[in-house]
Amino acid sequence: MKKLRIVLPLFLLAVLLFGLAACTGDVFAIYKQAEEKTRSIKTGKQKVCLTFSNEADMGKLGSILKNGKNRSPEAAILYETLNKFKDFRIEYTKQYDVMQDKYISDGYIRFNIYNLEGKLYKDKDSYIIEKLQTPKYVRFTSHELAEEFFKQYDFEGQNLSFNNDITAVLADIADEHITRDSMMSNGRKILSTLEGDIKVKELKITLEGERLKNLKNEFLHALSQNTLVFSELDSDKIADRRIKEMLTAVIRPLEPLSMEYTVFIDANGYIMEKNINLKSKLYYPEIDMEVTKTWNYNSQYWDLNKEQDIQPPKGIDAEGTIDVKTFLELINNISL
């Protein structure tokens with residue numbers, strides 16, 4: 001695991017599951033109304049934290065490597081990965097104004113002892129990154145970012161774009177499973193927020209066992225049947241197939257264990273906090289070991305519908321910037 005980009009597919013699975021939870025009934029109606037009302041907010045602040053951890057018998061794995069038994073590239077890579085990604089964390093605070101199509105976020109990525117810190121500023125389709133393991137600022141548009149990102153996966157020369165329809169397909173699949181008595185209300189409680197303690201209603205969705213396994217399998221089937229990316233060239237089918245293969249190779253071996261989704265809604269009907277925890281395990285037959293993988297997503301909201309002063313990072317000048325191509329190359333070559 002020498003390259004930063006190798007961890008991306010792991011989080012694609014997490015994002016799919018984090019974004020698609022839904023259910024029916026009276027409790028679900030409260031949740032859907034709160035989701036819609038919160039999404040309609042034009043100004044405010046949001047704090048997001050995404051963590052990923054591995055749990056395994058490190059003593060057994062270390063002994064295998066030390067004694068030379070079943071020594072294989074897989075064992076060495078697994079040992080290195082478990083050590084470096086035992087404390088993986090992405091955290092950022094976002095200040096936004098939808099009407100002006102502007103936001104600025106300040107955050108960091110932590111890989112055990114490695115830390116990447118920076119700011120991201122958006123003004124319509126113009127973006128600026130400040131100090132993410134680089135000595136200069138980065139300026140780019142969304143088109144430039146997508147173009148250079150796909151080049152990292154050898155899709156150079158193809159004008160690729162994601163197919164947003166697949167999101168609706170995956171959401172429908174999630175609804176079919178999560179509606180089966182998976183949501184409950186835990187009543188009211190006091191929630192500590194960045195604006196102080198407030199009274200909230202707690203709603204919780206729980207998925208586990210065969211229901212969660214079937215959900216994963218149907219996700220995989222939907223990914224195989226639907227277009228993920230579009231291209232202006234005839235080679236779009238090749239690009240689509242390769243991206244599907246990358247996702248499938250990461251998702252298929254995972255055995256999901258449980259998913260819990262908790263949401264806290266205030267007296268005005270706004271979501272104040274979300275917390276999603278997903279656990280799965282992965283078996284490595286080469287060394288007869290199981291690794292438990294845990295993803296956790298937490299999002300908090302405050303300062304809603306209040307005027308926000310959003311300014312670009314200070315010190316920006318033409319001579320102090322690099323393009324997104326140079327930036328991605330620098331990030332991609334970071335040794336972890």
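Starting from 1, each residue takes its place in the sequence as its number. Predicted, not measured: the structure shown is a model, and the values here were computed from it. When reading the values below, keep in mind they use all heavy atoms of this one structure, side chains included, and skip hydrogens, waters and symmetry mates.
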* For T43 and K306, indicate whether the former's side chain and the latter's backbone hold a donor-acceptor pair under 3.5 Å. => yes
* Asked: Under 3.5 Å, is there a donor-acceptor pair between the Q308 and K45 side chains?
  -> yes
* Asked: Roughly how far, to the nearest 0.5 Å, is CG of D101 from CG of D123?
  -> 7.5 Å
* No-hydrogen, no-angle side-chain donor-acceptor test under 3.5 Å, N275 and E273 -> no
* Hey, mind stepping through Y103 and L120 against side chain to side chain contact (heavy atoms under 4.5 Å, CB included) and telling me if it holds? -> CA-CA 8 Å; Y103 70 73; L120 173 62; 3.6 Å; yes
* R139 side, atom CZ; Y121 side, atom OH - distance, nearest 0.5 Å -> 10.0 Å
* How about I251 and L223: do any of their side-chain heavy atoms sit closer than 4.5 Å? -> yes
* Structure fact -> For P256 and S280 the tightest heavy-atom approach is CA-CB, 3.8 Å
* Asked: Under a 4.5 Å cut-off applied to non-hydrogen side-chain atoms, are I129 and F327 in contact?
  -> yes
* Spacing of E195 atom CD and Y301 atom OH [to the nearest 0.5 Å] -> 14.0 Å
* **Pair S142, D125: side-chain N/O donor-acceptor within cut-off below 3.5 Å** => yes
* Closest non-hydrogen atom pair between E290 and A56, with its separation -> O-CB, 4.0 Å
* Does the pair L247 and L228 meet the rule for a side chain to side chain contact (heavy atoms under 4.5 Å, CB included), with working shown? -> CA-CA 11 Å; L247 284 172; L228 292 177; 3.9 Å; yes
* To do: Decide yes or no on side chain to side chain contact (heavy atoms under 4.5 Å, CB included) for D57 and M289, but give the supporting numbers first.
  => CA-CA 8 Å; D57 189 340; M289 280 194 65; 4.1 Å; yes
* Asked: With K244, which residues qualify under side chain to side chain donor-acceptor pair (under 3.5 Å), at least two apart?
  -> D240
* With distance as the sole test, does K189 use its side chain to make a donor-acceptor pair with the main-chain N or O of F264 at under 3.5 Å? -> no
* Asked: salt bridge (charged side-chain N to carboxylate O under 4.0 Å, His left out) between K274 and E35: does it pass, once the steps are laid out?
  -> CA-CA 11 Å; K274 294 180 183 179; E35 277 278 15; 3.0 Å; yes
* Looking at side-chain heavy atoms only, is the closest gap between V48 and Y297 below 4.5 Å? -> yes
* Asked: Run the side-chain hydrogen bond (donor to acceptor under 3.5 Å, both in side chains) check on Q46 and S299 step by step: do they pass?
  -> CA-CA 7 Å; Q46 179 185 12; S299 180; 2.7 Å; yes
* Name all residues meeting the ring pair (Phe, Tyr, Trp, His ring centres under 6.0 Å) criterion together with Y127; count only those two or more places apart in sequence or in a different chain, and write none if there are none. => F140
* Asked: How far apart are the closest heavy atoms of R211 and T206, and which atoms are they?
  -> NH1-O, 4.3 Å
* Is any side-chain heavy atom of F88 less than 4.5 Å from a side-chain heavy atom of N54? -> no
* To do: Decide yes or no for D97 and E307: does some side-chain heavy atom of the first lie under 4.5 Å from some side-chain heavy atom of the second?
  => no
* **Validation row: L215, I173 side chains within 4.5 angstrom (heavy atoms)** => yes
* Taking the side chain from T38 and the backbone from I271, do they hold a donor-acceptor pair closer than 3.5 Å? -> yes
* Asked: Taking the side chain from N268 and the backbone from Y270, do they hold a donor-acceptor pair closer than 3.5 Å?
  -> no
* Nearest 0.5 Å please: distance from the CG atom of L212 over to the CG atom of N217. => 10.0 Å
* Asked: Do you know the tightest heavy-atom contact between W302 and K47?
  -> CZ3-N, 3.5 Å
* Over 12 foreign heavy atoms within 6.0 Å of NZ, K325 -> no
* Structure fact -> Here the gap from T93 atom OG1 to I104 atom CD1, rounded to the nearest 0.5 Å, amounts to 11.5 Å
* Would you find more than 12 non-hydrogen atoms of other residues, nucleotides or ligands less than 6.0 Å from K199 atom NZ? -> no
* **Any donor-acceptor pair under 3.5 Å from K216 side chain to L254 backbone** => yes
* Could you state the interatomic distance from CG (L191) to CD1 (I265), rounded to the nearest 0.5 Å? -> 11.5 Å
* Do you know the tightest heavy-atom contact between A222 and I166? -> O-CD1, 4.0 Å
* With hydrophobic residues grouped by side-chain heavy-atom distances under 4.5 Å, do Y261 and L257 end up in a single group? -> no
* **Listed partners of Y92 passing ring pair (Phe, Tyr, Trp, His ring centres under 6.0 Å), at least two apart** => none
* Evaluate the criterion salt bridge (charged side-chain N to carboxylate O under 4.0 Å, His left out) for residue pair K213 and E210; output intermediate values, then yes/no. => CA-CA 5 Å; K213 292 178 183 178; E210 290 301 316; 3.8 Å; yes
* To do: Show the numbers, then the answer: is there a side-chain hydrogen bond (donor to acceptor under 3.5 Å, both in side chains) between D288 and Y283?
  => CA-CA 7 Å; D288 188 29; Y283 177 66; 2.8 Å; yes
* Asked: What are the two closest heavy atoms between C49 and T51, and how far apart are they?
  -> SG-CG2, 3.9 Å
* Evaluate the side-chain proximity of L282 to K293: yes if any heavy-atom separation is below 4.5 Å, no if none is. => yes
* Taking a hydrophobic cluster as the set of Ile, Leu, Val, Met, Phe, Trp and Tyr residues connected by side-chain heavy atoms closer than 4.5 Å, whether directly or through intermediates, do L194 and M272 fall within one such cluster? -> no
* Would you check if there is a donor-acceptor pair between the side chains of D303 and Q95 at a distance under 3.5 Å? => no
